[in-house]
Amino acid sequence: MPEPIRVLVTGAAGQIAYSLLYSIGNGSVFGKDQPIILVLLDITPMMGVLDGVLMELQDCALPLLQDVIATDKEEIAFKDLDVAVLVGSMPRREGMERKDLLKANVKIFKSQGAALEKYAKKSVKVIVVGNPANTNCLTASKSAPSIPKENFSCLTRLDHNRAKSQIALKLGVTADDVKNVIIWGNHSSTQYPDVNHAKVKLQGKEVGVYEALKDDSWLKGEFIMTVQQRGAAVIKARKLSSAMSAAKAISDHIRDIWFGTPEGEFVSMGVISDGNSYGVPDDLLYSFPVVIKNKTWKFVEGLPINDFSREKMDLTAKELTEEKETAFEFLSSA
């Protein structure tokens, strides 16, 4: 058996974590032969609930879980980590301005970034889920200067999976038959779901999605809106935010970091924009198409960008630049 890896999940008493922890513990994220020491962090008032989660994980009797540690202390939670999944964040309350939300989260992610810097392995992979995910991820990275910024990514895989499944539903195929959709930009309603480079398998051969669908107005209108606003639609229907699909997307994202992307396929994740060839300003945490090998991602290069895409990509970059500026004002004073 390989040495156990230490994996932290924050916001561990919350509903996304409740859907995620079993997948991590049963081997479907890091592999069926990889023992895990699972660390659960939440705020002090949630420790009672967290205790219940701990009991359930024990009761799952998962052979790969060597130990489960539940804590409200960062110095325990971040020690010697191989992977940190930062799910916990301050949720947006009714009537709250986005600015207030940014301010509350800068405080959390500055503190967690500093804890990563102080206690975690320098090789740690950090995945940020808590919203606003892109800017929270950038804040954590800036607060952990000795950890390579390429080690930080944020989740846009849920949007990616949503886009994939909308196309599959429209064509009457399974999601597996659709590949290379792209989410550009922010995990917000300005994100740009792009299927100009996506392929779908029909009658055994691969065709471009635009060609397969022959419905440009749907692809440029309703499809984009549906993906951008899917999170809100789920909340409206369920009265709770998407947890099962979010946990599945987190599992996909981490598994791809760990094992790499399949040949000929790329995925979307929020990564540092430095050195990209798509005209996105440097020093933003922006969602790009990437391929992953040996736990290292690379931009997918050379995709032609039409005017329609350019406008949408610039719009979401503008939003991210504004968020970053607001967050950094708070960061220097936090």
Notebook entry, point to check: How about W297 and F288: are their ring centres within less than 6.0 Å of each other?
Noted result: no

Notebook entry, point to check: Between K318 and E322, is a salt bridge (charged side-chain N to carboxylate O under 4.0 Å, His left out) present by the stated rule, with each step listed?
Noted result: CA-CA 6 Å; K318 183 171 176 281; E322 287 162 8; 3.2 Å; yes

Check: Counting only N and O atoms by type, is there a donor-acceptor contact under 3.5 Å from the side chain of T316 to the main-chain atoms of M313?
Finding: no

Next item on the list: Please examine the side chains of F78 and V124, heavy atoms only from C-beta on, and report whether any two atoms are closer than 4.5 Å.
Entry: no

Notebook entry, point to check: Does the S153 side chain pair with the main chain of G270, one donor and one acceptor, at a distance under 3.5 Å?
Noted result: no

Checklist line | Side chain to side chain, P4 and I36, heavy atoms closer than 4.5 Å | finding: no

Note to self: I need the minimum non-hydrogen distance between S89 and N105, along with the two atoms involved.
What the structure shows: CB-OD1, 3.2 Å

Check: Is E222 atom CD crowded by more than 12 heavy atoms from other residues, nucleotides or ligands, each under 6.0 Å away?
Finding: no

Note to self: Before you tell me yes or no, could you show the steps for D72 and L50 under side chain to side chain contact (heavy atoms under 4.5 Å, CB included), namely the whole-Å CA-CA distance, both residues' side-chain angles and the distance that decides it to 0.1 Å?
What the structure shows: CA-CA 10 Å; D72 56 357; L50 196 56; over 6 Å; no

Note to self: Could you check whether any side-chain heavy atom of L116 comes within less than 4.5 Å of a side-chain heavy atom of F152, counting everything from C-beta outward?
What the structure shows: yes

Note to self: Can you confirm whether more than 12 heavy atoms, excluding those of E3, are under 6.0 Å from its CD atom?
What the structure shows: no

Checklist line | Under 3.5 Å side-chain donor-acceptor pair for E319 and S188 | finding: yes

Note to self: Tell me whether D159 is salt-bridged to R162, with the criterion being a basic N under 4.0 Å from an acidic carboxylate O.
What the structure shows: yes

Note to self: Hydrogens and angles aside, do T139 and N136 bring a side-chain donor and acceptor to less than 3.5 Å of each other?
What the structure shows: no

Item checked: Enclosure of D282 CG (heavy-atom neighbours >12, cutoff 6.0 Å) -> yes

Next item on the list: Keeping the roles fixed (side chain from N180, backbone from F266), state whether a donor-acceptor pair exists under 3.5 Å.
Entry: yes

Check: With sequence neighbours excluded, what pairs up with D252 under the side chain to side chain donor-acceptor pair (under 3.5 Å) test?
Finding: N161, K248, R255

Next item on the list: For the residue pair S143 and Q112, establish whether any side-chain heavy-atom pair is separated by less than 4.5 Å.
Entry: no

Next item on the list: Would you please test L21 and L40 for side chain to side chain contact (heavy atoms under 4.5 Å, CB included) and show each step?
Entry: CA-CA 9 Å; L21 293 169; L40 312 176; 3.6 Å; yes

Checklist line | Heavy-atom pair of closest approach, residues C154 and H253 | finding: O-CE1, 3.5 Å

Notebook entry, point to check: Which residue pairs satisfy the side chain to side chain donor-acceptor pair (under 3.5 Å) criterion with at least one member in residues 224-240, sequence neighbours excluded?
Noted result: none

Margin query: Are there over 12 heavy-atom neighbours, none belonging to M244, within less than 6.0 Å of that residue's CE?
Written below: no

Next item on the list: Supply the atom-to-atom distance K118 NZ to S146 OG, rounded to the nearest 0.5 angstrom.
Entry: 13.0 Å

Notebook entry, point to check: With a 4.5 Å limit on heavy-atom distance, are the side chains of F109 and T135 in contact?
Noted result: no

Checklist line | D42 to G11 - nearest heavy-atom pair and separation | finding: OD2-C, 3.2 Å

Next item on the list: State whether the side chain of T321 and the backbone N or O of A317 hold a donor-acceptor pair below 3.5 Å, judged by distance alone.
Entry: yes

Note to self: Checking E74 against S111: is there a side-chain donor and acceptor pair closer than 3.5 Å?
What the structure shows: yes

Note to self: Take a 6.0 Å sphere around CG of D176 and say whether it holds more than 12 heavy atoms from other residues, nucleotides or ligands.
What the structure shows: no

Check: Are K220 and F308 in a cation-pi contact, defined as NZ or CZ under 6.0 Å from the six-membered ring centre and within 45° of the axis?
Finding: yes

Note to self: Can you classify the ring geometry of F223 versus W218 as parallel (below 30°), tilted (30 to 60°) or perpendicular (above 60°)?
What the structure shows: tilted

Next item on the list: Give a yes or no on whether M46 and I16 share a hydrophobic cluster (residues Ile, Leu, Val, Met, Phe, Trp, Tyr; joining criterion: side-chain heavy atoms under 4.5 Å apart).
Entry: no

Notebook entry, point to check: Ignoring hydrogens and geometry, is there a side-chain-to-backbone donor-acceptor pair from K110 to L331 under 3.5 Å?
Noted result: yes

Next item on the list: Determine yes or no for a side-chain-to-main-chain donor-acceptor pair under 3.5 angstrom, with N134 supplying the side chain and H187 the backbone.
Entry: yes

Margin query: So which atom in N186 and which in E323 form the shortest heavy-atom distance, rounded to 0.1 Å?
Written below: ND2-OE2, 3.0 Å

Margin query: Does K122, at its NZ atom, have more than 12 non-hydrogen atoms belonging to other residues, nucleotides or ligands within less than 6.0 Å?
Written below: yes

Check: Any side-chain heavy-atom pair from M269 and I127 closer than 4.5 angstrom?
Finding: no

Checklist line | Check: S268 and W184 side chains under 4.5 Å, non-hydrogen atoms | finding: no

Notebook entry, point to check: Name the one of D80, N151, D82 that satisfies side chain to side chain donor-acceptor pair (under 3.5 Å) with K121?
Noted result: D82

Margin query: Could you work out, with side chain to side chain donor-acceptor pair (under 3.5 Å) as the rule, every residue matching S123, not counting sequence neighbours?
Written below: none

Checklist line | Counterpart residues, side-chain contact (heavy atoms from CB on, under 4.5 Å), relative to E211 (two or more places apart) | finding: V207

Notebook entry, point to check: Would the number of heavy atoms belonging to other residues, nucleotides or ligands and lying under 6.0 Å from CD of E97 be above 12?
Noted result: no

Margin query: Could you check whether atom OH of Y18 has more than 12 heavy atoms from other residues, nucleotides or ligands sitting under 6.0 Å from it?
Written below: no

Notebook entry, point to check: Under 3.5 Å, is there a donor-acceptor pair between the side chain of K149 and the main chain of D274?
Noted result: no

Tabulate below the donor-acceptor pairs under 3.5 Å that side-chain atoms of residues 57-69 make, not counting sequence neighbours, or state none.
none

Notebook entry, point to check: Does S28 reach the main-chain N or O of S23 with its side chain, forming a donor-acceptor pair under 3.5 Å?
Noted result: yes

Note to self: Quick test of your reading of the model: are K312 and D194 salt-bridged, counting only N-O distances below 4.0 Å?
What the structure shows: no

Next item on the list: Please identify each residue that fulfils side chain to side chain donor-acceptor pair (under 3.5 Å) with T326, with sequence neighbours left out.
Entry: none

Margin query: Ignoring hydrogens, what is the shortest heavy-atom contact between S273 and Y286? Give both atom names and the distance.
Written below: CB-CB, 4.5 Å

